[in-house]
Amino acid sequence: MASQVNPPRGMRDFLPADKAKREHAFSVIKRVYRDHGFDEIETPVVEDHARLHAGLGGDNEKLSFSILKRGLGAEALAAAAEGGDAEQLADLGLRFDLTVPLSRFYASHRAELPPVFRSIQMGPVWRAERPQKGRYRQFVQVDIDVIGEAGLLAEVELLSATSRVFAELGLTGCVFRVNDRRILFGLLDHCGFAPETHDRALIIVDKLDKIGAEGVVGELRELDPEAAERLGAVLTEVEPRLAGDGIPLTAEAISAILPEGAAAEGVANLAEIGAALEGSLPEGVELRFDPTLVRGMGYYTGTIFEVAHPGSGSSVGGGGRYDGMIGRFLGQDVPAVGSSIGFERIVDLIELPASTGPEAVALVHDADAAPADLAALKTALVARGHRVRLERRQKNMKTLLARVAEQGFTRFANVRAGERDVDALELRELSA
RNA sequence: GUGGCUAUAGCUCAGUCGGUAGAGCACCGGCUUGUGGUGCCGGUGGUCGCGGGUUCAAGUCCCGUUAGCCACCCCA
């Protein structure tokens with residue numbers, strides 16, 4: 001095995017069939033988002049090391065790849081080694097998400113952008129994680145964001161566009177689990193958790209689907225036994241509902257499951273979003289309230305959501321409102337909501353639809369056919385709208401024809417040496 | 001970062017109790033077929049992931065290492 005020629009760990013090469021499927025998904029996503037009024041932008045794949053480590057990326061910061069400064073000499077290396085500070089060797093890093101770069105982009109170009117800016121970003125990001133199924137060290141993210149809209153219209157636009165993407169890709173059965181950070185914090189307050197325990201409490205609540213209500217309460221007791229019991233009463237009621245059909249995103253259903261008077265602001269927000277989206281969601285997409293949805297990123301301030309699909313063990317998308325983040329770069333708070341699609345994970349779920357374009361033709365020619373004749377025949381067929389592939393005749397026709405059929409060719413013609421008339425070619429059916 | 005499984009020909013895989021490696025497919029050649037999707041015969045191709053160790057002898061047993069897969073953590 002020539003392992004030396006494999007791509008770097010956790011990164012992949014894509015063969016033509018893989019690439020075709022990825023491009024299909026890519027084009028569907030881009031078209032739907034553009035149709036919904038979002039504009040595509042692009043930023044560099046590297047950012048300042050300091051900006052990537054400004055505390056906005058959560059755990060992802062620790063997983064970022066750093067780029068060595070150019071022209072480092074022996075003295076600089078020695079100084080860094082002596083100081084024990086590898087950081088001073090790197091001034092740039094590969095981006096680990098698209099949200100930090102977008103915030104920088106917006107702060108930089110605000111004057112040239114509309115008051116409410118709707119962006120599309122599609123590109124690779126890097127994380128130095130241990131690779132496994134559905135998890136890579138280089139992967140593509142597709143983000144849309146609405147910047148400058150404080151009202152929930154932003155959430156509504158985001159969710160309706162994103163749900164349409166899943167529908168157009170043929171991914172039925174998607175469930176959007178929605179929550180609001182204010183509901184989470186309101187609930188913790190209401191149960192009596194001290195503010196300084198909130199972050200730790202949320203991490204525990206996030207495990208509900210893995211360790212169950214009892215497990216969560218057990219861990220929460222270490223923070224505050226009494227508050228843990230109060231929250232446990234809520235979770236015990238919530239848990240079976242989540243396992244069943246879920247909780248609809250309506251004012252009645254949300255209020256019914258939460259303690260009276262807890263997190264009114266967040267409840268109203270979600271209820272309005274649910275009402276606004278009713279009737280405009282595509283078929284096969286469900287909207288559900290999930291009070292245990294947390295999401296890891298610390299920068300979320302309001303609505304948060306995650307997309308689940310029965311064919312994938314992990315989420316295929318997610319996002320939320322992060323009103324404080326751009327202010328970190330701009331010095332002035334700008335409201336923002338973002339949605340990210342797990343491109344690699346949905347590519348694994350979709351099928352490439354059969355081509356509906358003009359027939360693709362393989363010209364199987366004798367070895368002694370003149371290049372000039374072949375070029376002329378090929379050009380003539382291309383001009384007629386065909387996709388054309390030249391294949392030199394080989395001993396095993398069966399293998400050759402099976403291969404071109406697999407590559408999407410639907411017809412083939414035998415070309416003998418001296419053949420120059422494209423109309424004389426017999427285009428025969430190629431069954432896959 | 002933690003743990004488990006795996007690694008043999010270009011591909012998919014056999015290889016028993018340790019005795020220096022095999023099949024199918026692909027590829028090449030000859031014949032067959034003859035306007036071509038057939039069949040037969042033969043051939044090329046492997047530092048058994050890499051490095052150590054045990055042994056008279058290691059693909060096989062042991063240790064390390066690298067990579068892949070899987071679970072955890074976290075995430076998309």
Side-chain angles (χ1 to χ4, degrees), chain A residues 1-13 15 25 29 57-64 95-99 121-144 162 165-166 202-204 206-207 209-211 293-298 300 304-309 312-320 338-349 362-367 369 391-406 409 411-419 424-432:
Chain A
M1 265 313 176
S3 65
Q4 314 82 309
V5 299
N6 287 159
R9 179 161 203 210
M11 307 189 187
R12 297 162 295 163
D13 295 322
L15 291 164
I29 295 168
D59 284 345
N60 294 334
E61 287 189 11
K62 287 179 277 187
L63 302 172
S64 80
R95 63 188 182 194
F96 48 75
D97 74 5
L98 298 176
T99 307
Q121 294 187 90
M122 316 177 85
V125 303
W126 291 263
R127 293 180 194 172
E129 290 191 278
R130 186 144 167 183
Q132 60 175 277
K133 188 165 190 66
R135 168 175 300 191
Y136 306 99
R137 289 185 147 193
Q138 173 179 317
F139 59 98
V140 168
Q141 276 194 324
V142 180
D143 279 24
I144 55 169
T162 300
V165 164
F166 286 103
L202 287 188
I203 292 171
I204 298 170
D206 200 16
K207 300 186 196 168
D209 57 332
K210 283 175 194 143
I211 62 178
L293 177 69
V294 173
R295 299 213 21 99
M297 303 300 185
Y300 289 121
I304 49 178
F305 66 93
E306 218 163 84
V307 189
H309 185 273
S312 175
S314 36
S315 76
V316 293
S339 162
S340 184
I341 286 183
F343 185 79
E344 313 296 343
R345 290 174 182 174
I346 62 172
V347 164
D348 286 341
L349 296 174
L363 294 181
V364 181
H365 60 88
D366 288 346
E391 292 283 355
R392 178 178 292 116
R393 169 172 301 284
Q394 64 186 39
K395 177 189 171 85
N396 196 336
M397 273 295 276
K398 190 176 178 179
T399 308
L400 186 148
L401 294 175
R403 192 179 70 232
V404 295
E406 191 174 299
F409 289 84
R411 288 176 178 271
F412 80 100
N414 289 298
V415 181
R416 298 185 332 196
E419 180 63 76
L425 294 177
E426 185 194 357
L427 295 183
R428 304 174 59 174
E429 288 282 349
L430 200 51
S431 51

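Every chain is numbered from 1, with letters handed out A, B, ... down the list of sequences.
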From [options], nucleotide with atom closest to [X] side chain:
X: Ser315(A); options: rC69(B), rG37(B), rA76(B); answer: rA76(B)
X: Met397(A); options: rA76(B), rG36(B), rC73(B); answer: rG36(B)
X: Pro131(A); options: rG68(B), rG36(B), rA76(B); answer: rG68(B)

Spacing of the [atom1] atoms in [M] and [N] (rounded, Å):
N: rA9(B); M: rG4(B); atom1: C1'; result: 29 Å
N: rU47(B); M: rA21(B); atom1: P; result: 12 Å
N: rG59(B); M: rU6(B); atom1: C1'; result: 15 Å

* Asked: Got a minute to check which stems RNA chain B is part of, using Watson-Crick or G-U wobble pairs under 3.5 Å, three or more consecutive?
  ->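 The stems that RNA chain B takes part in, listed by first number, are B:1-7 with B:66-72, B:10-13 with B:22-25, B:27-31 with B:39-43, B:49-53 with B:61-65.
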Can you pull every protein N or O that's under 3.5 Å from an N or O on nucleotides 2-6 of chain B?
unit_1 : atom_1 : unit_2    : atom_2 : d
rU2(B) : O4     : Arg130(A) : NH1    : 3.2
rG3(B) : O6     : Arg130(A) : NH2    : 2.9

* Would you indicate whether the side-chain heavy atoms of Phe412(A) and Val404(A) approach each other to under 4.5 Å? =>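 No, side chains not in contact.
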* Asked: What pairs with Arg12(A) under salt bridge (Lys or Arg N to Asp or Glu O under 4.0 Å), at least two apart in sequence or on another chain?
  ->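 In terms of salt bridge (Lys or Arg N to Asp or Glu O under 4.0 Å), with neighbours along the sequence ignored, Arg12(A) is linked to Glu344(A).
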Hey, does the side chain of [X] come within less than 4.0 Å of [N]'s phosphate (OP1/OP2), counting only N and O?
X: Arg295(A); N: rA76(B); result: yes
X: Lys133(A); N: rC69(B); result: no
X: Ser340(A); N: rA76(B); result: no
X: Gln132(A); N: rA71(B); result: yes

Indicate, with a heavy-atom threshold strictly under 4.0 Å, whether [X] touches base, sugar-phosphate, or nothing.
X: Glu129(A); value: base
X: Gly134(A); value: base
X: Gly319(A); value: nothing
X: Arg9(A); value: sugar-phosphate

* Counting only non-hydrogen atoms, which of residues 136-144 of chain A are less than 4.0 Å from RNA chain B? ->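 Within this stretch, Tyr136(A), Phe139(A), Gln141(A) sit under 4.0 Å of the strand.
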* More 5' along RNA chain B: Arg393(A) or Ile203(A), using each one's nearest nucleotide? ->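 The residue closer to the strand's 5' end, by nearest nucleotide, is Arg393(A).
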* Using heavy atoms to find the nearest nucleotide of RNA chain B for Glu344(A) and Met11(A) separately, return the residue whose nucleotide is more 5′. =>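 Closer to the 5' end of RNA chain B: Met11(A).
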* **Partner set under side-chain contact (heavy atoms from CB on, under 4.5 Å) for Arg9(A), not counting sequence neighbours** =>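 If we apply the side-chain contact (heavy atoms from CB on, under 4.5 Å) test to Arg9(A), skipping adjacent residues, the hits are Arg130(A), Pro131(A), Arg137(A).
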* With sequence neighbours excluded, what pairs up with Arg392(A) under the side-chain contact (heavy atoms from CB on, under 4.5 Å) test? ->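 Here the qualifying residues are His365(A), Ala367(A).
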* Look up atom CG in Asn414(A) and atom CD in Glu419(A), then write down how far apart they are to the nearest 0.5 Å. =>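 One finds 10.5 Å between CG of Asn414(A) and CD of Glu419(A).
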* Counting N and O atoms only, with roles assigned by atom type, does the side chain of Arg345(A) sit under 3.5 Å from a partner on the main chain of Gly134(A), one being a donor and the other an acceptor? ->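 Present.
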* **Side-chain donor or acceptor of Arg127(A) paired with backbone N/O of Leu63(A) under 3.5 Å** =>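 No: the side chain of Arg127(A) does not pair with the backbone of Leu63(A).
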